[in-house]
Amino acid sequence: MSSSDTELIGTGLRKRTEKALNDPFLRAAVAYTTDKLRSGRLAAMEEFGDWEQWRSRAREIRAHTIAHLDYYLGQFADNVEKAGGIVHFCSTGAEAVDVFLKIARSKGAKLVAKGKSMVSEEMHLNHHLEQEGIRAIETDLGEYILQLARETPSHLIIPAIHKNKRQIADLFEEESGQPMPPETKALAGYARQKLREIFLEADIGLTGCNFGIAETGAITLVSNEGNGRMVTTLPKTHVVVMGMERLVPTYDDVEVMLNMLARSATGQKLTTYTSFITGPKRRGDLDGAEELHVIILDNGRSAQLGDPVFQEVLHCIRCAACLNVCPVYRHVGGYTYGSVYSGPIGAVLTPLLQQDMKEAGQLAYASSLCGACYEACPVKIPLHDMLVQLRARKVKLGLTPWTERAAFKIYATGFGNVKLYSWGAKLAHYAMKPMARGGQIRKAPGIFGGWTQSRFLPMKPKRSFRERWAELQRELQAEREKQLGGEDR
Amino acid sequence: MKVSLFVTCLADQMYPEVAESVVRLLHRYGCEVDLPELQTCCGQPAFNSGYQDEARAVARNLIRAFEHSDYVVSPSGSCAGMVHHYYPDLFRDEPEWKAKAEALVAKTYEFSQFLVRVLGVKDVGASFPYKVTYHPSCHASRLLGVREEPLELLRNVRDVEFVDLPKKEDCCGFGGTFAVKMADMSEAMVCEKAAHVCETGAEVLVGGDMGCLMNIGGRLNKEGKPVRVLHLAQLLEEGVKLR
Ligand code: SF4
């Protein structure tokens with residue numbers, strides 16, 4: 001591979017892509033599950049009535065909230081505190097880790113039971129807890145499996161999308177030291193029992209937050225496993241880690257959003273469990289944490305506020321519909337994206353949050369711009385347009401290879417002028433000629449090599465359409481005259 | 001009716017027979033077709049790669065080429081989509097050019113869209129006694145909203161055996177420079193698409209965009225599969241002759 005080849009998309013992405021594409025098991029597993037999810041989504045949309053209207057409504061809610069985020073953040077924080085919770089605003093992941101560790105130390109915590117939280121992945125919390133000698137156990141079944149496998153989630157809603165029963169049984173066997181049949185019932189039974197112990201023993205329950213409701217300070221969590229309820233009620237302390245954009249103004253709004261989230265994610269009307277938590281346990285409450293902390297994380301998000309092109313990325317409700325319809329994601333899976341967030345939303349979000357156009361920015365090219373993600377997105381985020389804008393940003397920053405810059409300069413000059421264009425086309429014909437066999441080019445040099453590796457390139461015909469135009473016109477004219485003549489007679 | 005052909009660089013240079021079919025069909029319905037000489041490309045390769053200045057230079061040339069046209073018709077949903085979806089925004093900082101871009105948008109149509117919506121032709125009177133499957137291109141359907149028109153035209157072709165393409169809405173992996181830059185991702189996608197085409201047992205694959213068809217056809221050829229790949233205009237024109 002020449003150096004200009006690797007420059008095209010960056011070695012990290014190229015290597016991860018190659019690895020994924022050479023893993024037939026992963027590809028089959030991801031394709032199978034995403035297919036199921038997307039047909040579920042389509043069925044749920046149909047039954048929901050005018051999906052487009054709901055989509056517009058959902059988009060409006062998100063747009064309004066994000067446009068007034070400072071207001072709603074203030075209102076939300078006030079109401080969390082009024083209900084007896086403690087709010088921490090953190091501008092970086094490192095700050096949020098510090099806050100969490102401070103809470104953990106003050107409780108003398110040894111064990112943290114985690115509900116599903118992408119943001120804690122974003123700040124690499126598990127790693128920091130481990131260093132402090134604090135055990136953190138994932139209690140979402142998928143995340144638990146990945147933790148045993150020492151991996152991180154590769155899909156927003158089904159984190160272990162790429163694992164099958166046999167692999168899971170192996171992981172459980174290794175952990176328990178007992179033989180484990182690769183059957184759903186047995187595996188779920190084992191995990192349930194194991195996780196029960198964790199819920200009871202944990203000092204801190206940690207969760208994410210699907211939506212925070214500004215008017216009351218409530219936190220909404222959705223799950224299909226019920227681990228969310230356990231994590232938030234059994235341990236004495238509950239810590240919520242949430243991205244700063246994860247708000248809606250009112251209960252009415254959250255109703256719309258939960259409908260859109262469940263239907264877009266899994267095709268469900270609503271998830272099996274939906275919890276609303278407002279403040280810690282009050283006198284007379286039967287359960288609930290005694291102390292509730294809410295860590296609200298910026299980590300690159302506020303940089304998108306006010307950006308005419310990218311602000312909308314904060315509308316995302318992490319439903320993963322865009323992943324499930326993305327033909328690139330379906331073939332390469334989540335790890336290829338090299339970050340917490342994968343698929344089209346990951347390709348846009350990761351470079352923005354990390355403010356890294358160079359390495360992470362390579363993800364902008366991991367799309368054919370087919371627009372399936374936009375079509376599926378329940379809040380209409382134009383991810384395909386954003387991907388193009390990210391590429392434009394790379395160009396502006398001078399982060400594209402000089403060969404490419406030169407090529408497009410030549411393109412602009414050549415295709416901006418019909419004389420040069422026609423002349424260039426002739427040249428191309430003669431350049432292609434020696435490569436062609438039977439009207440096809442089976443092996444092209446340079447950057448087109450990748451194309452011919454998997455498909456033939458047709459040979460350019462000798463005469464272009466415009467060269468044939470005059471002749472065609474004469475033919476058509478003659479036809480017309482013949483017709484008219486026929487009519488006259 | 002006067003119609004200007006926006007031939008697109010791909011059809012002009014690689015698939016002149018497709019442009020010819022478009023012209024013959026338009027001619028059949030009494031359109032007086034011209035080919036504005038200035039035109040080259042819509043600028044999409046540069047635009048999609050993030051080179052907006054370069055895309056603007058090429059777009060200006062195209063706008064100029066069609067300045068005096070009444071209707072602009074293109075055999076490519078992708079190129080027409082580029083004009084519709086991106087041109088006005090591309091010139092957002094240049095009011096004069098933005099207005100010109102909008103004027104071009106207002107008169108630009110994809111071939112089947114023009115036939116069905118403007119000329120009101122749904123049945124060209126063709127007969128095509130083959131087993132056919134159809135690939136809807138992403139840009140035509142999603143960017144331009146041309147979904148029903150090609151199907152409408154196909155439904156009215158006689159003797160055709162139409163088979164639905166499984167997962168038809170999935171991208172074929174062309175994506176212009178994507179197929180070159182991310183050749184391996186693109187390969188995975190085109191292989192799946194070609195497999196679906198073969199699964200249908202169709203003798204003919206028809207579509208409305210030569211980019212996609214070049215991609216899928218290139219794969220089918222490499223696999224040695226005996227599937228004919230045709231642009232919708234070619235199928236219709238051949239079908240008219242067969243009747
Ligand atoms: S971008 Fe849209 S489709 Fe993708 S996860 Fe976010 S809300 Fe869902």
Side-chain angles (χ1 to χ4, degrees), chain A residues 8-9 17-18 21 27 327-328 331-332 364-372 374-375 388-395 400 404-405 408-409 411-418 421 425 428 440 442 447-451 453-458 460-461 463-466 468-469 472 476 479-480, chain B residues 7 9 11-16 19-20 23-24 27 33 35 37-41 43 45-55 57-58 60-61 65 138-139 142-143 169-171 173-176 178-192 214-215 217-219 221-222:
Chain A
L8 271 177
I9 57 164
T17 307
E18 207 179 288
L21 288 174
R27 290 178 64 181
V328 172
H331 282 290
V332 300
Y365 299 105
S367 165
S368 64
L369 306 177
C370 73
Y374 168 65
E375 191 178 54
V388 176
Q389 295 293 347
L390 279 177
R391 295 176 190 182
R393 214 174 246 197
K394 277 188 80 97
V395 171
T400 51
E404 188 183 289
R405 289 201 301 275
F408 279 111
K409 280 264 163 326
Y411 165 85
T413 315
F415 283 73
N417 176 312
V418 72
Y421 160 87
Q440 307 275 0
R442 290 150 204 251
I447 56 163
F448 293 101
W451 172 288
Q453 198 125 91
S454 46
R455 60 224 115 169
F456 291 164
L457 200 64
K460 216 174 107 32
R463 285 169 75 200
S464 66
F465 180 74
R466 70 182 64 220
R468 154 126 182 76
W469 174 239
L472 179 64
L476 293 175
E479 250 175 58
R480 180 154 285 171
Chain B
V7 61
C9 53
D12 182 24
Q13 296 300 330
M14 301 292 281
Y15 301 100
E20 187 170 326
V23 172
R24 285 184 185 279
H27 180 79
V33 186
L35 181 76
E37 219 183 286
L38 269 184
Q39 63 172 310
T40 61
C41 171
F47 181 78
N48 282 358
S49 303
Y51 292 83
Q52 300 201 347
D53 291 339
E54 288 78 358
V58 177
R60 274 198 191 96
N61 181 63
C138 305
H139 283 180
R142 299 202 180 99
L143 219 64
E169 68 284 357
D170 277 4
C171 176
F174 179 56
F178 173 77
V180 171
K181 240 182 179 169
M182 305 299 248
D184 41 3
M185 284 180 183
S186 169
E187 172 179 344
M189 288 154 75
V190 76
C191 288
E192 191 182 0
M214 175 169 84
N215 188 42
R219 178 68 205 172
N221 272 335
K222 176 145 186 154

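Quantities reported herein were computed from a predicted structural model and do not represent experimental measurements. In what follows, chains are A, B, ... by sequence order, proteins preceding strands, each numbered from 1. Note that these values count all heavy atoms, side chains included, but never hydrogens, waters or copies made by symmetry.
Only the side chain of B:Gln52 has a heavy atom closer than 4.5 Å to any heavy atom of chain A. The part of A:Arg463 that comes within reach of chain B is its backbone (N, CA, C, O), which places non-hydrogen atoms under 4.5 angstrom from that chain. Heavy-atom distances place both the backbone and the side chain of B:Gln39 under 4.5 Å from chain A. Only the side chain of A:Arg468 comes within contact range of chain B, with heavy atoms under 4.5 Å apart. No part of B:Asp53 comes within reach of chain A, as not one of its non-hydrogen atoms sits under 4.5 angstrom from that chain. If you measure heavy-atom distances from B:Asp170 to chain A, the contacts under 4.5 Å come from the side chain alone. Contacts between B:Arg219 and chain A at a heavy-atom distance below 4.5 Å involve backbone atoms as well as side-chain atoms. Looking at A:Leu476, the atoms closer than 4.5 Å to chain B (heavy atoms on both sides) sit in the backbone and in the side chain alike. For a residue to count as touching a neighbouring chain, one of its non-hydrogen atoms must lie under 4.5 Å from one of that chain's; by this rule A:Tyr411 touches chain B with backbone and side chain alike. For a residue to count as touching a neighbouring chain, one of its non-hydrogen atoms must lie under 4.5 Å from one of that chain's; by this rule A:Trp469 touches chain B with the side chain only. If you measure heavy-atom distances from A:Ala366 to chain B, the contacts under 4.5 Å come from both the backbone and the side chain. Residue contact with chain B, scored on non-hydrogen atoms closer than 4.5 Å, involves the backbone and the side chain of A:Lys460 alike. Using a 4.5 Å cut-off between heavy atoms, A:Thr413 makes no contact with chain B at all. Residue A:Leu369 touches chain B through both its backbone and its side chain, counting heavy-atom pairs closer than 4.5 Å. In this structure, chain A has heavy atoms under 4.5 Å from both the backbone and the side chain of B:Cys9.
Your options are B:Arg142, B:Glu187, B:His139, B:Met185, and the one with the most heavy-atom pairs under 4.5 Å with chain A is B:Arg142. Interface remark: of the candidates A:Ala412, A:Ser368, A:Ala364, A:Ser368 forms the most heavy-atom pairs closer than 4.5 Å to chain B. For the set B:Asn61, B:Val190, B:Leu38, B:Thr40, the count of heavy-atom pairs under 4.5 angstrom toward chain A peaks at B:Thr40. For the options A:Lys394, A:Glu479, A:Lys409, heavy-atom pairs under 4.5 Å to chain B are most numerous at A:Lys409. The greatest number of non-hydrogen atom pairs below 4.5 Å with chain A, out of B:Val23, B:Asn221, B:Val7, B:Val33, is found for B:Asn221. Counting heavy-atom pairs under 4.5 Å between each of B:Met189, B:Met214, B:Lys222 and chain A puts B:Lys222 at the top. Put simply, of B:Gly175, B:Ala11, B:Gly218, the one with the most heavy-atom pairs under 4.5 Å next to chain A is B:Gly218. Interface remark: of the candidates A:Ala428, A:Gly414, A:Gly449, A:Gly371, A:Gly371 forms the most heavy-atom pairs closer than 4.5 Å to chain B. Options A:Ser464, A:Ser454, A:Ala425, A:Gly416 differ in how many heavy-atom pairs under 4.5 Å they form with chain B, and the most are formed by A:Ser454.
Side-chain contact between B:Glu192 and A:His331 is present, with heavy atoms from C-beta onward closer than 4.5 Å. A heavy-atom distance below 4.5 Å is found between the side chains of A:Leu472 and B:Arg24. B:Tyr15 has its side chain within reach of A:Pro458: a pair of non-hydrogen atoms, C-beta onward, lies under 4.5 Å apart. Residues A:Arg466 and A:Val418 meet the side-chain proximity criterion, which asks for heavy atoms closer than 4.5 Å.
For A:Trp451 against B:Ala183, the heavy-atom pair with the smallest separation is N-CB, 4.3 Å. Heavy atoms only, all atoms of each residue included: A:Ser367 and B:Phe178 are closest at O-CD1, 3.1 Å. A:Pro461 and B:Pro16 get closest at one heavy-atom pair: CG-CD, 3.6 Å.
In this structure, OG in B:Ser186 is found 12.0 Å from CD in A:Gln453, a value given to the nearest 0.5 Å. Here the CG-CZ distance, from B:Asn48 to A:Arg391, works out to 6.5 Å after rounding to the nearest 0.5 Å. Within the model, atoms CG of B:Asp12 and CG of B:Leu35 stand 7.0 Å from one another, a figure rounded to the nearest 0.5 Å.
Under the 30°/60° scheme for interplanar angles, the aromatic rings of A:Phe408 and B:Tyr51 are found to lie parallel.
In this structure a side-chain-to-backbone donor-acceptor pair under 3.5 Å is present from B:Ser49 to B:Pro45. Distance alone, capped at 3.5 Å, is enough to place a donor-acceptor pair between the A:Arg27 side chain and the A:Leu21 backbone.
Under the rule for a ring pair (Phe, Tyr, Trp, His ring centres under 6.0 Å), the partners of B:Phe47 that lie at least two apart in sequence or sit in another chain are B:Tyr86.
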